[in-house]
Amino acid sequence: MFRLVSLALLLFLFILSFLGYLLTGLRLREPLPPKDAVVQTAHKNLPLKVRLARTPGEWALGLGLRNPTGYEGLLYLFPEVTDRPFSTEGYRFGVSLALLDREGRILEIVDLEPGRIYAPTTAYRGILELPMGWFKTHGIRPGDRVYY
């Protein structure tokens, strides 16, 4: 009788821990809430709501492939410096990219229409992606900084 109760208890604990594992996995797939960021120029600070993209799965789903609700842009953060090309294949609208160094300083700004591939000439650590023309409209230039 003791063996049967022990086996039932062990099976119950296994099922409970497995369900916890599954529920945790589902919760981790939900996007993080939008984060406050600021683009700082010599003359002004511009607040932004951005969604962070820190994993390969999040990097693959760019702004032009999402329905941006509750945020203005997408901030890609990479663990290491990279110079990999950026593609707007499948995007529904054009985007502007600011390539960032590890301190958030803007190295380069580029506008991309849907279906284009951009191969940067400089290495970068992050990308701030916003709807096309945002940087020009707000007078943002290389050398300005992004804080998040």
Side-chain angles (χ1 to χ4, degrees), residues 9-148:
L9 183 59
L10 193 60
L11 184 61
F12 174 74
L13 290 174
F14 172 76
I15 290 171
L16 194 61
S17 67
F18 185 70
L19 285 174
Y21 172 78
L22 289 177
L23 291 174
T24 301
L26 290 175
R27 232 179 310 142
L28 292 177
R29 289 188 191 138
E30 294 174 5
L32 295 172
K35 184 170 177 56
D36 291 323
V38 174
V39 179
Q40 183 184 55
T41 70
H43 306 290
K44 60 187 170 189
N45 290 336
L46 296 164
L48 284 172
K49 287 273 189 210
V50 296
R51 178 99 43 210
L52 294 180
R54 294 179 181 257
T55 66
E58 294 168 339
W59 300 332
L61 191 57
L63 187 67
L65 299 169
R66 298 174 184 235
N67 293 322
T69 305
Y71 61 98
E72 299 169 77
L74 191 58
L75 181 60
Y76 298 81
L77 299 174
F78 304 106
E80 298 176 353
V81 174
T82 184
D83 64 352
R84 78 177 72 147
F86 190 93
S87 173
T88 56
E89 192 67 39
Y91 276 34
R92 296 184 314 264
F93 53 85
V95 293
S96 292
L97 308 176
L99 304 181
L100 310 173
D101 68 8
R102 67 186 179 116
E103 281 98 34
R105 190 173 327 278
I106 297 174
L107 302 169
E108 187 176 347
I109 296 174
V110 76
D111 291 332
L112 289 177
E113 294 287 342
R116 301 283 185 210
I117 296 175
Y118 174 69
T121 58
T122 185
Y124 56 92
R125 186 72 180 266
I127 296 175
L128 177 58
E129 182 181 16
L130 292 161
M132 185 178 275
W134 190 93
F135 295 105
K136 285 182 186 171
T137 300
H138 292 89
I140 308 300
R141 299 182 192 150
D144 293 340
R145 293 193 61 173
V146 177
Y147 293 95
Y148 48 90

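Here the structure is a predicted model, which is why all the values come from computation and not from measurement.
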What pairs meet the salt bridge (Lys or Arg N to Asp or Glu O under 4.0 Å) rule with one or both residues in residues 137-148, with sequence neighbours excluded?
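Found none.
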
What residue pairs, at least two apart or across chains, pass salt bridge (Lys or Arg N to Asp or Glu O under 4.0 Å) with a residue in residues 36-47?
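Output for this query lists Asp36-Lys49.
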
For residues 101-120, pull every pair meeting ring-ring contact (aromatic ring centres under 6.0 Å, His included), keeping only residues two or more places apart or in separate chains.
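Found none.
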
Do [X] and [Y] come close enough that some side-chain heavy atom pair is under 4.5 Å?
X: Met132; Y: Phe93; answer: no
X: Leu112; Y: Phe86; answer: yes
X: Glu108; Y: Pro142; answer: no
X: Leu48; Y: Trp134; answer: yes

Contacts of type side chain to side chain contact (heavy atoms under 4.5 Å, CB included), residue Thr137, not counting sequence neighbours:
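Thr137: no side chain to side chain contact (heavy atoms under 4.5 Å, CB included) contacts found.
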
Please list, chain by chain and in numerical order, all residues satisfying side chain to side chain contact (heavy atoms under 4.5 Å, CB included) with Val81, sequence neighbours excluded.
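With sequence neighbours excluded, Val81 shows a side chain to side chain contact (heavy atoms under 4.5 Å, CB included) to Ala123, Arg125, given in chain and number order.
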
With Thr55, which residues qualify under side chain to side chain donor-acceptor pair (under 3.5 Å), at least two apart?
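With neighbours one apart ignored, the set is Glu58.
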
Restricting to salt bridge (Lys or Arg N to Asp or Glu O under 4.0 Å), what partner residues turn up for Lys136, sequence neighbours left out?
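Here the qualifying residues are Asp111.
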
Option among Leu99, Val39, Leu74 that satisfies the side chain to side chain contact (heavy atoms under 4.5 Å, CB included) test with Leu128:
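Only one of Leu99, Val39, Leu74 forms a side chain to side chain contact (heavy atoms under 4.5 Å, CB included) with Leu128, namely Val39.
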
Taking only residues two or more places apart in sequence or in another chain, which ones pass ring-ring contact (aromatic ring centres under 6.0 Å, His included) with Phe135?
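Listed in chain order: nothing, the list is empty.
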
